[in-house]
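Everything below concerns the one structure shown next.
The analysis underlying the following values was restricted to heavy atoms, covering all of them including side chains, and did not include hydrogens, waters or symmetry mates.
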Amino acid sequence: EEIHPSLLLFLRKLKVIEVEEKDENKVKRIELHEKDGMVEIVNDECKSYWKVIKKSFKIPQNIDEERRKDISETEVILAFPLKEDYFPDTSNEQFIFAYLPVRKYGFKFIIQADFLLPITREDIIKDNKWNEWLRDSTIEVFLDAVREFKNDENLKYSFYNYLPLKEEIKDDFFLLIVEKIYEKLKEEACILTEANKWKRPSEVL
């Protein structure tokens, strides 16, 4: 019952989880399907839909983390929830994942990265260069997502709903993401005008 269906978004080789309860003679099945750049997760009778954006990063030389010393590259993934009609579904706060769900920090999309966690897995370790670098890398992936949204007929008018607001974020560690995203978007042609052209926010009324 506690298996998080969106877990399948980040496990590369796993596409189906099936749990058989022999006592009650029932089977719980979660499966993932990909089509047209969208991901569908079927959880028994329920379905959820996601737009998933991934980006690989080379580990900078100044990040010297003992627990990750054999890793030269890592991936940051953002998963944006969609309604059945593929428009944004921002009705729920989403988890931050380190392969498995950690906790909710106020974002309307899932952030998945190889964050370092304490043994309890209840939070992300703060004041840690590796985690700070992963957090900052999220900003770049979000900007890539915006560029993809601009080419999507369902999302180009409505992706603004995913933008995090400062008052929604529950942890100072992640507030920096919000500030930087808005800073970067000021320089990005991310507003669709009445003339159907993409412009920077300062260029439109």
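Within the 4.5 Å cutoff, the side chain of Phe87 has no heavy atoms near those of the Asn161 side chain. Between Ile77 and Leu9 there is no side-chain heavy-atom pair separated by less than 4.5 Å. Two residues are said to be in side-chain contact when any heavy atoms from C-beta on lie closer than 4.5 Å; Ile110 and Phe10 meet this criterion. A heavy-atom distance below 4.5 Å is found between the side chains of Phe97 and Ser6. No side-chain heavy atom of Ile139 sits under 4.5 Å from any side-chain heavy atom of Glu183. Side-chain atoms of Lys26 and Lys28, non-hydrogen and from C-beta on, never get closer than 4.5 Å to each other.
Once rounded to the nearest 0.5 Å, the distance linking OG1 of Thr74 with CZ of Phe57 reads 9.5 Å. The line from NZ of Lys54 to CG of Asp144 is 14.0 Å long, rounded to the nearest 0.5 Å. Between the CG atom in Leu175 and the NZ atom in Lys170 there is a gap of 13.0 Å [rounded to 0.5 Å]. Note that the NZ atom of Lys156 and the CG atom of Leu192 stand 6.0 Å from one another [nearest 0.5 Å]. A distance of 10.0 Å separates CD1 in Ile41 from NZ in Lys15, rounded to the nearest 0.5 Å. In this structure, NZ on Lys47 lies 4.5 Å from CD on Glu40, to the nearest 0.5 angstrom.
Both Ile53 and Phe115 belong to a single network of hydrophobic side chains, linked directly or stepwise wherever heavy atoms of I, L, V, M, F, W or Y lie under 4.5 Å apart. Placement of Leu155 and Val39 in two distinct hydrophobic clusters is found when ILVMFWY residues are connected by side-chain heavy-atom separations under 4.5 Å, directly or transitively. When hydrophobic clusters are built by joining Ile, Leu, Val, Met, Phe, Trp and Tyr residues whose side-chain heavy atoms come closer than 4.5 Å, directly or via intermediates, Val16 is not grouped with Leu14. Hydrophobic clustering of Ile, Leu, Val, Met, Phe, Trp and Tyr side chains at less than 4.5 Å, counting indirect connections, unites Val204 with Val146. The hydrophobic cluster containing Tyr162 also contains Met38, counting ILVMFWY residues as joined when their side-chain heavy atoms lie under 4.5 angstrom apart, directly or transitively.
Taking both residues in full, the closest heavy atoms of Leu134 and Val76 are given as CD2-CG2, 4.1 Å, listed atom of the first, atom of the second, then distance. Contact record, Tyr105 with Ile124: OH-N, 3.3 Å, taken as the closest heavy-atom pair. Contact detail for Ile63 and Lys129: the closest heavy-atom pair is CD1-O, 3.8 Å. For the residue pair Asp114 and Trp130, the shortest heavy atom distance occurs at O-NE1, 2.9 Å. The two residues Val27 and Glu18 make their nearest non-hydrogen contact at CG1-CG, 3.3 Å. Between Ile125 and Asn131, the closest heavy-atom pair is O-ND2, 2.8 Å.
Taking a 6.0 Å sphere around CG of Asp172, one finds it holds 12 or fewer heavy atoms contributed by other residues, nucleotides or ligands. Atom NZ of Lys197 has 12 or fewer heavy atoms from other residues, nucleotides or ligands within 6.0 Å. Surrounding CG of Asp171 are more than 12 heavy atoms belonging to other residues, nucleotides or ligands, all under 6.0 Å away. Taking a 6.0 Å sphere around NZ of Lys186, one finds it holds 12 or fewer heavy atoms contributed by other residues, nucleotides or ligands. For Lys184, the NZ atom is loosely surrounded, since the number of other residues' heavy atoms within 6.0 Å does not exceed 12. Within 6.0 Å of CD in Glu73 there are more than 12 heavy atoms belonging to other residues, nucleotides or ligands.
Between the side chain of Asn92 and the backbone N or O of Gln94 there is no donor-acceptor pair closer than 3.5 Å. Lys51 places no side-chain N or O within donor-acceptor distance of the main-chain N or O of Phe149, the cut-off being under 3.5 Å. Without hydrogens or angle criteria, Gln112 side chain to Tyr99 main chain gives a donor-acceptor distance under 3.5 Å. A donor-acceptor pair under 3.5 Å links the side-chain atoms of Arg135 to the main chain of Phe173, judged by distance alone. Side chain of Glu65 to backbone of Arg67: a donor-acceptor contact under 3.5 angstrom is found. No donor-acceptor distance shorter than 3.5 angstrom exists from the side chain of Tyr182 to the backbone of Leu165, with no hydrogens or angles considered. With hydrogens and angles disregarded, no donor-acceptor distance shorter than 3.5 Å links the side chain of Asp44 to the backbone of Ile30.
For the pairing with Phe107, the side chain to side chain contact (heavy atoms under 4.5 Å, CB included) check across Thr90, Ile177, Leu78 returns one residue only, Ile177. Screening Arg147, Arg200, Lys199 for a salt bridge (Lys or Arg N to Asp or Glu O under 4.0 Å) involving Glu188 leaves a single residue, Arg147.
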Take Phe80 and Phe109 through the test ring-ring contact (aromatic ring centres under 6.0 Å, His included) and record every step on the way to the result. CA-CA 5 Å; Phe80 297 86; Phe109 52 90; 5.1 Å; yes
Stepwise side chain to side chain contact (heavy atoms under 4.5 Å, CB included) check, Ile96 with Phe174: CA-CA 11 Å; Ile96 282 184; Phe174 283 106; 3.4 Å; yes
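Using a 4.0 Å cut-off between charged nitrogen and carboxylate oxygen, Glu66 and Lys69 count as a salt-bridge pair.
A donor-acceptor pair shorter than 3.5 Å cannot be found between the side chains of Asp85 and Tyr49.
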